[in-house]
Amino acid sequence: MNALQEQTERATQMVSAPHRRRRARLPSLFGVLAIAPFALFMAVFGIYPVVQLIRMAFSDVGLVQGGFTFDFTGGRNLLRILDDENTLPVVTATLIFVVGAVALTVVLGTAMAVLLDRARFFQAFARRVLIWPTVVAPVVVSVIWLLILSPTIGVLNTVLTAVGLPAQGWLGQPVGAMASILLVDVWHWTPLVFLLVYTSIQSMDREVLEAASVDGAGEGQTIWRIILPMSLPSILAAAAVRLVLSVKSFDEMYLLTHGGPGNATNLISLHIRTIFFDQLELGYGAALGFSVILIYAAVGIAYAFVRILARRKESTHV
Amino acid sequence: MSDMATGVRRSPVGTVAGIFLVAAVAATIAPIIWMVVLSFQPLKNIIGTGLQLDFSLSNYRDLFAPGNPLLQQLGNSLVIVIGTVVLCLVFGSLAGYALSQLTIPRPVLFPLLALTAFIPLVPPMVVVPGLYALMNSLGIIGGSTGLIVLNTVFQLPFAALLMRVYFDALPGTLREAAHIDGATEFVVFRSVMLPLVTPGLAAVGTFTGIMAWNEFLFGLTMTSGGVTAPLTVGIASLVQPYEVAWGEMAAAGTLAAVPIILLTIVANRYIVSGLTSGAVKG
């Protein structure tokens with residue numbers, strides 16, 4: 001994917017757009033057949049589980065011979081979330097992790113992208129190697145970092161002791177554990193931000209940069225005044241992607257800290273798994289999941305509302 | 001000399017950037033190399049104090065010893081990857097083509113696009129209780145079939161949307177011309193349009209394959225472990241709270257990571273295209 005390819009693509013789209021608008025409006029049999037498997041998958045596995053989830057969230061669910069029994073309890077499971085002493089620590093841990101992970105990866109990834117674009121040597125090699133962490137399985141990422149952070153065999157403490165610093169119980173202390181999972185997340189996902197921002201910098205119009213240099217702008221000015229503002233949309237997109245991904249985080253914490261010590265790194269996904277599969281509180285686990293979906297729906301509706309308002313404002317101005 | 005030839009002015013930023021990059025690359029590679037190195041160390045070197053390095057295959061021998069489920073788990077992961085990739089390629093390219101070139105009835109289109117946007121956003125764990133109940137009643141819980149289905153569900157929106165982008169780049173006149181020559185819709189799709197989006201198929205294939213190979217959450221929650229589990233769950237089971245099989249863990253991690261990294265080197269552009277478009281669409 002290079003700038004040239006993208007431009008050709010855009011050009012082809014522009015050329016072909018009028019043709020497509022003219023095409024027949026009648027749905028064809030083949031069209032219905034082609035979309036059917038996809039639609040079926042989405043309907044069965046997208047809608048039905050949510051219906052089941054809601055049913056479970058409002059019931060006392062039992063397990064009898066591999067099947068479920070439902071006993072309607074109204075909103076008791078949902079109300080219990082408010083009383084549960086674990087709720088606040090889980091929400092706090094999730095928020096700290098999400099804010100920290102998004103901020104750190106976006107800043108570092110953007111810096112990497114800008115610097116790779118400016119670097120004099122090493123570019124081609126770095127561009128290829130830097131994306132390795134994003135393609136390695138999260139479980140393997142945990143293995144890699146367990147071998148480094150482990151209090152018994154971790155190489156980090158060996159290094160710290162060797163240079164005269166005190167060894168740390170990285171994963172065993174609340175602050176150390178949160179710092180550790182943030183460090184692992186930064187290692188894992190900074191490359192994705194880097195890649196998104198770097199791609200957009202590469203597709204920038206080089207003439208703007210040349211013009212700046214002709215007008216006497218230094219490297220620093222070029223970065224702050226031209227490259228960063230011009231790549232802002234891709235930085236925001238990367239931040240949005242990171243937000244979604246960090247709320248989903250599960251694998252690394254499950255292996256590195258198991259949510260502990262205490263609730264220090266007990267992110268929402270870990271909490272739901274523990275409730276549902278370890279404590280077998282099926283209805284309550286489902287209620288927790290349902291409450292997360294409610295939050296997503298609320299955010300989605302608010303977002304759509306703001307967009308509609310903004311559009312209406314625009315049209316009245318015109 | 002080369003600077004003068006290209007007209008770039010010499011400034012310290014370029015050099016500083018280069019040094020930063022060397023550091024970033026080192027920080028990226030060093031942890032991976034450390035795992036690979038440890039995977040070839042006998043246990044006494046791993047748990048012993050002080051740095052002592054030998055070369056031993058004992059960890060790999062233990063992993064593939066009779067009675068160890070790892071070989072079976074490796075096979076499960078391969079089956080899951082192949083199944084997921086095939087389903088995503090077939091259904092994803094059909095759906096992408098329909099979304100891009102054909103007219104889909106609106107009452108179907110809008111809920112479908114809403115679901116397609118919704119599924120990649122929500123943390124999979126929040127719907128696991130509902131999925132668990134569904135898989136249970138369908139009777140496909142606890143094995144590779146169920147995991148192929150679930151991986152496909154969560155990869156298919158990406159596959160369809162990426163294929164749509166590739167089909168959008170084809171001129172619409174192509175389809176009309178083929179129609180005038182008397183080809184049926186399916187023949188137009190199969191023989192005219194599909195061969196033109198091979199790069200898209202490659203991107204969808206490599207990317208969904210990697211995601212299925214790396215998947216852990218469904219493997220953990222929808223199988224009972226042991227010989228029914230995929231490789232990632234097998235690796236996780238080596239991490240017990242009180243006794244971690246360090247050497248085997250490093251070796252299994254290496255087995256899971258090295259093929260993917262090799263694939264990244266070979267198919268770099270497809271993975272980059274999958275990561276950039278997939279991430280933005282997701």
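Chain letters run A, B, ... following the sequence lines, proteins first and then strands; every chain starts at 1. Since we're looking at a predicted model, the values are computed, not measured.
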So which residue, [options], ends up with the most heavy-atom pairs under 4.5 Å with chain B?
{"options": "G31(A), S150(A), S269(A), S142(A)", "result": "S269(A)"}
{"options": "L147(A), V141(A), V136(A), V44(A)", "result": "L147(A)"}
{"options": "I148(A), V292(A), L116(A), L282(A)", "result": "L116(A)"}
{"options": "A43(A), A137(A), A111(A)", "result": "A137(A)"}
{"options": "V247(A), L146(A), I268(A), L270(A)", "result": "L146(A)"}
{"options": "F194(A), Y254(A), F290(A), F125(A)", "result": "Y254(A)"}

Is [X] close to chain A through its backbone or its side chain, or both, or neither, when contacts mean heavy atoms under 4.5 Å?
{"X": "L21(B)", "answer": "both"}
{"X": "V153(B)", "answer": "both"}
{"X": "Y97(B)", "answer": "side chain"}
{"X": "A160(B)", "answer": "side chain"}
{"X": "V258(B)", "answer": "neither"}
{"X": "L134(B)", "answer": "both"}
{"X": "F118(B)", "answer": "side chain"}
{"X": "A27(B)", "answer": "backbone"}
{"X": "I210(B)", "answer": "side chain"}
{"X": "L109(B)", "answer": "neither"}
{"X": "Y270(B)", "answer": "neither"}
{"X": "M211(B)", "answer": "neither"}
{"X": "P111(B)", "answer": "neither"}

Can you name the closest pair of heavy atoms from [X] and [Y] and give their distance?
{"X": "K248(A)", "Y": "P120(B)", "value": "NZ-O, 2.5 Å"}
{"X": "A95(B)", "Y": "I35(A)", "value": "O-CD1, 3.9 Å"}
{"X": "A236(B)", "Y": "V139(A)", "value": "N-CG1, 4.3 Å"}
{"X": "A257(B)", "Y": "V140(A)", "value": "CB-CG1, 3.8 Å"}

Relative to chain A, which of [options] shows the most heavy atom pairs under 4.5 Å?
{"options": "I119(B), L231(B), I260(B), I261(B)", "result": "I261(B)"}
{"options": "W213(B), W246(B), F186(B), F20(B)", "result": "W246(B)"}
{"options": "V90(B), L217(B), I29(B)", "result": "L217(B)"}
{"options": "I32(B), T152(B), I235(B), L38(B)", "result": "I32(B)"}
{"options": "L174(B), V36(B), T221(B), I141(B)", "result": "T221(B)"}
{"options": "I19(B), V108(B), L87(B), V22(B)", "result": "V22(B)"}

Pairwise distance [atom1]([X]) to [atom2]([Y]) - rounded to 0.5 angstrom:
{"X": "L102(B)", "Y": "L29(A)", "atom1": "CG", "atom2": "CG", "result": "11.0 Å"}
{"X": "L267(A)", "Y": "M125(B)", "atom1": "CG", "atom2": "CE", "result": "11.5 Å"}
{"X": "F250(A)", "Y": "L220(B)", "atom1": "CZ", "atom2": "CG", "result": "5.5 Å"}
{"X": "D251(A)", "Y": "T232(B)", "atom1": "CG", "atom2": "OG1", "result": "8.0 Å"}
{"X": "F30(A)", "Y": "T184(B)", "atom1": "CZ", "atom2": "OG1", "result": "8.5 Å"}
{"X": "R269(B)", "Y": "R128(A)", "atom1": "CZ", "atom2": "CZ", "result": "10.5 Å"}

Y284(A) and P129(B), any side-chain heavy atoms less than 4.5 Å apart: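 They are not in side-chain contact.
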Flag side-chain contact, heavy atom, 4.5 Å: P133(A) against T28(B):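 P133(A) vs T28(B): side chains touch.
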Working for side-chain contact (heavy atoms from CB on, under 4.5 Å), residues I131(A) and N268(B): CA-CA 9 Å; I131(A) 64 166; N268(B) 187 275; 4.0 Å; yes
Contact class of M56(A) relative to chain B, heavy atoms under 4.5 angstrom: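 The side chain, not the backbone.
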Under 4.5 Å from any heavy atom of chain B - which part of F45(A): both
Set of side chain to side chain donor-acceptor pair (under 3.5 Å) partners for H271(A), sequence neighbours left out: none
Contacts of type side chain to side chain donor-acceptor pair (under 3.5 Å), residue R273(A), not counting sequence neighbours: D278(A)
Test side-chain contact (heavy atoms from CB on, under 4.5 Å) applied to W132(A) and I265(B), step by step: CA-CA 9 Å; W132(A) 287 2; I265(B) 295 171; 3.8 Å; yes
Verdict with reasoning, V25(B) to L130(A), per side-chain contact (heavy atoms from CB on, under 4.5 Å): CA-CA 6 Å; V25(B) 168; L130(A) 285 178; 4.0 Å; yes
Test item: N214(B) side-chain N/O and P138(A) main-chain N/O as donor-acceptor pair under 3.5 Å: no
Step-by-step side-chain contact (heavy atoms from CB on, under 4.5 Å) determination, V50(A) to V127(B): CA-CA 6 Å; V50(A) 176; V127(B) 283; 4.1 Å; yes
Y132(B) ring center near F277(A) ring center (under 6.0 Å):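 Centroid separation for Y132(B) and F277(A): below 6.0 Å.
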